[in-house]
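The structure under discussion appears below in the form of C-alpha cells.
All chains are named by letter (A, B, ...) in the order of the sequence lines, taking the proteins before the strands, and each is independently numbered beginning at 1. Owing to the predicted nature of the structure, the values given are computational and were not obtained by experimental measurement.
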Amino acid sequence: MDAPCAIVGAMTVAVRLPRRKKSRTPEVAELLAWYDRHARALPWRARRGERPDPYRVWLSEIMLQQTTVKAVAPYYARFLSRWPTIDALAAASLDDVLRAWAGLGYYARARNLHTCAKVVVELHDGQFPSDMAALRALPGIGDYTAAAVAAIAFNVPTVPVDGNVERVVSRLFAVEKEFPAAKPVIKQLAASLLPSDRAGDFAQALMDLGATICSPKRPACALCPWPDACLANARGNQEMFPRKAPKREGQLRCGAAFVVFRSDARVLLRRRPDKGLLASMMEVPGSEWTHDFDQSRAQRSAPRLRAKVQWQRLRGTVRHVFTHFPLELVVFAAQVPRATTAPKGARWVKIDELRDEALPNLMRKVLAHALDRR
DNA sequence: CATCCGTGGCG
DNA sequence: TCGCCAAGGAT
C-alpha cells in the first residue's frame, strides 16, 4: 500500500503534496471519550454513576440562561443551601426568591422559577416530568431548557441546542446561513448527531466542547476531539462561524435618581412595577429614562415628601448598560428628619440592610454613588 | 421574526 | 475603552 518512493528519499517530503485533512462524519464516540476525560466538574453535575437530581438540573439550567458559569456558581450554592428541594422552593415567598436572585439579572427568570416550583409541586406531585411537552409547558422553560432537563436529568434522547451547540455545529458543518434563520438548520444537524445512548453526556459534552475548546474567539482546534470532522477547521475559517447579522446598538437614555437619607440612617426605596424592565425589583425613586431627558427639569420627578427638601445634585453620573440600551443617570441627594414618613408605595430601609434587598445592580451603583458623596 | 429583558468578564 | 456575548424565554 505504501507508495514506492525509496529512490527519492528525503526529496519525497518536499515534493509530496501537503496532506489534506479529509472531512468526515463526526464520530460521537470520540466526543464522548473526550468528555470522559475532560468533563468540567460543575457543582450541579451528578458524579459518575450517580443519578442526577432533576431539581438541581433545572435550577442550574434556569440560572445558566444567558449567564456565565462563574456568575451562577455562588447563586446556585446559596439557592441549593437555602432551598434544597423543590418543595422548599415552592414554599418560599416570592420576595425571598427575588432577594436571593438580586444581581444575577433577567429577573423574570426568578419569578418564573418560583411559579414553576409551585406548579410542579401542585400539578406533578413535586416530581419534574421527563416528558418534553410537559416540561416545555412549565413557566420559564423553553425549547432549550426542556431538552436540557430531559436529556441531562432523564437521559431522554434529545439534543438541547444552546449558544455553545450552535457554535460547534455551525463550525462543524460550516453553516453559511446567517442567524437567526440558521437556527432550524442547526437544530436538525445537531439532532442528526444524537447517539442511541448517553443523551445526557452527549448534551453536556457538546456544551463543554463549546465552552472550553470551540470558543467564540481563537478556538483551540488543536485540542478538539473532532479536528478532522470539522469543515470550518479544514478551511481554516473557524471564527467566521456562526455567521450573524450585525445588530444595531441601542440609543442612550438619561434620567434622574433621588436618594433620600433620613437622619436615622435609612434611605427611601420603592418597588418597581411587576412588568417590564427590572420587574418587581426595588429601586430608589427616579424619573423616566428618556432619549430627550432635560436635566434642568429633573427635580419635577422627585418624590413628594412632607419635609422641606433641599436637593443636592451629586457630581458625576451613574452609567449602566442594559442589553438593548445604555443608561446615564444624574443623582440627587437630600437629608430629611427622622420623623419624615414615606410616600405611598415607598418605605425606609436601613443603610446597613441594603444588601438584603432585592436591588438590581444599577440601583446598587446609584446608592454607592450617593453614599460615597454623602 | 423582532424586541425586550441584566450583568460581568474578556480580548 | 468598547463591543461582544454567555447553558434563552416570553410576547
- Report the distance from atom NZ of Lys183(A) to atom C1' of dA2(B), rounded to the nearest whole Å. 13 Å

- Message: Applying a 4.0 Å non-hydrogen cut-off, can you work out what Leu104(A) is touching in the nucleic acid: base, sugar-phosphate, or nothing?
- Response: base

- Assign each of Lys217(A) and Pro139(A) the nucleotide of DNA chain C bearing its closest heavy atom; nearer the 5' end lies the nucleotide of Lys217(A)

- Check whether any side-chain N or O of His324(A) sits under 4.0 Å from OP1 or OP2 of dC5(B), and answer yes or no. yes

- Message: So Thr145(A), base contact, sugar-phosphate only, or nothing? Heavy-atom distance under 4.0 Å.
- Response: sugar-phosphate

- Query: Short question: side chain of Lys365(A), backbone of Arg319(A) - any donor-acceptor pair under 3.5 Å?
  - Reply: yes

- Return yes if the base of dA7(C) and the side-chain atoms of Arg40(A) contain a donor-acceptor N/O pair under 3.5 Å, otherwise no. yes

- Could one point to a donor on the side chain of Thr67(A) or the base of dG8(C) with an acceptor on the other under 3.5 Å away? no

- Message: Quick check against the 3.5 Å criterion: does Ser215(A) have a side-chain atom that pairs as donor or acceptor with the backbone of Ala211(A)?
- Response: no

- Task: Check every strand shown and say whether Gly210(A) touches a base, only sugar-phosphate, or nothing at a heavy-atom separation below 4.0 Å.
- Result: nothing

- Task: Select base, sugar-phosphate, or nothing to describe what Val321(A) touches, counting heavy atoms under 4.0 Å on all strands.
- Result: base

- Message: With hydrogens left out and only the distance checked, is there a donor-acceptor pair under 3.5 Å joining Thr323(A)'s side chain and the base of dG6(B)?
- Response: yes

- Item | Nucleotide nearest Leu362(A) when distance is taken to its side chain, options dA7(C), dG6(B), dT7(B) | dT7(B)

- Side chains of Met282(A) and Arg272(A): closer than 4.5 Å at any heavy-atom pair? no

- Please determine if a side-chain N or O atom of Gln66(A) lies less than 4.0 Å away from the OP1 or OP2 oxygen of dG8(C). yes

- Query: Roughly how far apart, to the nearest Å, are dC4(B) and dA7(C) at atom P?
  - Reply: 24 Å

- Start with the C-alpha distance between Arg136(A) and Asp143(A), add both sets of side-chain angles, then the distance that settles salt bridge (Lys or Arg N to Asp or Glu O under 4.0 Å), and finish with yes or no. CA-CA 6 Å; Arg136(A) 181 67 179 76; Asp143(A) 287 342; 2.8 Å; yes

- Query: Do Ser296(A) and Asp294(A) have a side chain donor and acceptor closer than 3.5 Å?
  - Reply: yes

- Query: Between Ala181(A) and Pro360(A), which is nearer to the 5' end of DNA chain B once each is assigned its nearest nucleotide?
  - Reply: Ala181(A)

- Message: Applying a 4.0 Å non-hydrogen cut-off, can you work out what Pro160(A) is touching in the nucleic acid: base, sugar-phosphate, or nothing?
- Response: nothing

- Item | Whether Phe322(A) and Phe325(A) hold their rings parallel, tilted or perpendicular, with breakpoints at 30° and 60° | tilted

- Message: OP1 or OP2 of dA7(C) versus the side-chain N and O atoms of Asn164(A): is any pair under 4.0 Å?
- Response: yes

- Look at Tyr106(A) and dA10(C) and indicate whether a side-chain polar atom (N or O) is within less than 4.0 Å of OP1 or OP2. no

- Task: Kindly point out which of dG6(B), dA7(C), dA6(C) is positioned nearest to the side chain of Pro216(A)?
- Result: dA6(C)

- Message: For a quick test of reading the model: is some side-chain N or O of His320(A) closer than 4.0 Å to OP1 or OP2 of dG6(B)?
- Response: no

- Examine the side chains of Thr145(A) and Gln65(A) and answer whether a donor and an acceptor come within less than 3.5 Å of each other. yes

- Query: Taking atom P of dC5(C) as reference, at what distance in whole Å does atom CZ of Arg243(A) sit?
  - Reply: 14 Å

- Query: Atom CZ of Phe179(A) to atom C1' of dC1(B): distance rounded to whole Å?
  - Reply: 15 Å

- Query: Is Trp44(A) touching bases, backbone alone, or none of the nucleic acid, heavy atoms closer than 4.0 Å?
  - Reply: base

- Task: For Leu42(A), report the nucleic acid contact type (base, sugar-phosphate, nothing); a contact means any heavy atom under 4.0 Å.
- Result: base

- Message: In this structure, how many angstroms lie between the P atom of dG8(C) and the OH atom of Tyr107(A), rounded?
- Response: 17 Å

- How far, in whole Å, is dG9(C) from dG8(B) if one measures between their P atoms? 22 Å

- Query: Side chain of Gln65(A): nearest nucleotide among dG8(C), dT7(B), dG6(B)?
  - Reply: dG8(C)

- Query: Phosphate oxygens OP1/OP2 of dA10(C): is one of them under 4.0 Å from a side-chain N or O of Arg111(A)?
  - Reply: no

- Message: I want to verify a distance call: between dG9(C), dA7(C), dA2(B), whose nearest atom is closest to the Asp162(A) side chain?
- Response: dA7(C)

